[in-house]
Amino acid sequence: MYSALELLGYLGVFAFAASGALAAGRKGMDIFGFVFVALLPAVGGGTVRDLLLDVQPFWISDQLNIWVAFAAAVSVFLAGKHFRRTRVLVWADAIGLSVFAVLGARSAYLLTDSTLVAVMLGVTTAVVGGILRDVVCNELPLVLHKEIYASAAVAGAGCYCLLKGFAVPDDMAVVTSIGLCFAIRAIAMLTNLSLPVSRLED
């Protein structure tokens with residue numbers, strides 16, 4: 001039997017892989033392109049995190065993550081006509097962002113016991129794969145949009161570390177933090193809420 005945390009991890013992989021596959025579909029790629037682009041957000045950020053922590057990348061120690069990403073890519077490829085709207089990609093990305101930000105922070109926190117490192121690597125886990133996906137698809141990365149994105153990941157990762165500092169049980173800290181991150185991202189998408197911007201004129 002898989003633990004709740006493992007199932008949450010697979011959910012994040014599936015959601016991010018689906019977002020990659022949807023991006024590939026918008027560019028008219030073949031099945032190989034779907035799988036390749038799906039893998040970028042699914043494992044990219046977590047791989048960078050694990051390399052920085054000097055541990056084996058998570059998808060090598062648990063190869064089911066790769067099969068979950070494959071399943072997401074093939075599912076979107078076969079049912080792509082039902083997912084043509086851009087908003088589906090954004091919502092799938094929001095789920096992946098929330099799960100990866102918190103689980104990434106958890107992995108770093110348990111290894112380093114540092115809130116700063118945990119938050120930074122939680123955000124890395126959440127956004128690096130999406131950046132790779134968008135760059136390959138020749139799109140402006142979502143993290144660079146003025147709407148709230150990376151800051152939602154910061155909130156989720158920070159919330160996890162804060163709750164752990166108050167000795168909240170791990171499962172409760174994870175679920176609460178994922179919920180907070182997703183809520184912030186969802187509100188931002190639904191209301192077009194964004195951070196202040198500064199434009200330098202010539």
Side-chain angles (χ1 to χ4, degrees), residues 1-20 38-69 71-72 91-133 142-143 148-188:
M1 291 293 293
Y2 296 104
S3 68
L5 288 178
E6 288 174 322
L7 293 175
L8 278 174
Y10 297 139
L11 172 64
V13 168
F14 188 92
F16 255 165
S19 77
L39 284 171
L40 293 177
V43 305
T47 300
V48 172
R49 175 203 65 218
D50 291 342
L51 292 176
L52 290 172
L53 291 172
D54 197 25
V55 298
Q56 187 179 65
F58 72 101
W59 52 271
I60 294 179
S61 56
D62 184 3
Q63 297 175 19
L64 182 56
N65 288 287
I66 300 297
W67 292 111
V68 169
W91 282 104
D93 185 87
I95 295 172
L97 175 83
S98 305
V99 173
F100 274 24
V102 176
L103 295 188
R106 177 181 182 272
S107 296
Y109 189 83
L110 294 178
L111 281 174
T112 68
D113 200 32
S114 168
T115 296
L116 177 61
V117 172
V119 171
M120 291 180 66
L121 291 184
V123 175
T124 296
T125 307
V127 306
V128 167
I131 292 173
L132 294 174
R133 172 200 64 210
L142 280 173
V143 70
I148 292 175
Y149 187 81
S151 48
V154 171
C159 178
Y160 173 81
C161 295
L162 178 64
L163 293 176
K164 290 299 292 180
F166 284 101
V168 173
D170 194 60
D171 287 353
M172 183 180 298
V174 167
V175 172
T176 301
S177 302
I178 290 174
L180 174 66
C181 182
F182 183 79
I184 292 173
R185 179 69 183 129
I187 291 171

Would Leu64 and Val68 count as a side-chain contact (heavy atoms from CB on, under 4.5 Å) if you check the C-alpha gap in whole Å, the side-chain angles of each, and the deciding distance to 0.1 Å?
-> CA-CA 6 Å; Leu64 182 56; Val68 169; 4.2 Å; yes
Step by step, would you call Val102 with Leu180 a side-chain contact (heavy atoms from CB on, under 4.5 Å)?
-> CA-CA 10 Å; Val102 176; Leu180 174 66; over 6 Å; no
Check the pair Arg106, Asp170 against salt bridge (charged side-chain N to carboxylate O under 4.0 Å, His left out), reporting the backbone distance first and the verdict last.
-> CA-CA 9 Å; Arg106 177 181 182 272; Asp170 194 60; 2.6 Å; yes
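Among residues two or more places apart in sequence or in another chain, the ring pair (Phe, Tyr, Trp, His ring centres under 6.0 Å) test is passed with Tyr160 by none.
Summarising the geometry of Ala42 relative to Ala69, their closest heavy-atom pair is CB-CB, 4.0 Å, with the distance given to 0.1 Å. Residues Ala18 and Ala72 share a closest heavy-atom pair of N-CB, 3.9 Å. Across all non-hydrogen atoms, the minimal contact from Thr125 to Gly104 is OG1-CA, 3.6 Å. Leu121 and Leu52 make their closest contact through CD2-CD1, 3.6 Å (heavy atoms, listed as atom of the first residue, atom of the second, distance). Across all their heavy atoms, Ala15 and Ala92 have their closest contact at CB-O, 3.5 Å. For the residue pair Leu51 and Pro57, the shortest heavy atom distance occurs at CD2-CG, 4.4 Å.
At a threshold of 4.5 Å between non-hydrogen side-chain atoms, the residues Val119 and Tyr109 do not count as touching. Counting only heavy atoms from C-beta outward, the side chains of Tyr10 and Asp62 approach each other to under 4.5 Å. Using a 4.5 Å heavy-atom threshold, the side chains of Thr112 and Leu53 count as touching.
Under the 3.5 Å distance criterion, the side-chain polar atoms of Arg49 are left unmatched by any main-chain donor or acceptor of Gly122. Of the possible donor and acceptor atoms, one in the side chain of Asp50 sits under 3.5 Å from a partner among the backbone N and O of Phe58.
For the atom pair Trp91 CH2 and Leu97 CG, the distance stands at 12.0 Å (nearest 0.5 Å). Expressed to the nearest 0.5 Å, how far CD of Gln56 lies from OG1 of Thr47 amounts to 11.0 Å. Distance check: Ser177 OG to Leu163 CG gives 5.0 Å after rounding to the nearest 0.5 Å. From Phe16, atom CZ reaches atom CD1 of Ile95 across 10.5 Å, with rounding to the nearest 0.5 Å. Remark: Leu103 CG to Leu5 CG distance equals 6.5 Å, nearest 0.5 Å. Atoms OH and CD1, from Tyr149 and Ile184 in turn, are 14.0 Å apart once rounded to the nearest 0.5 Å.
Between the side chains of Ser19 and Arg133, a donor-acceptor pair is found at a separation under 3.5 Å.
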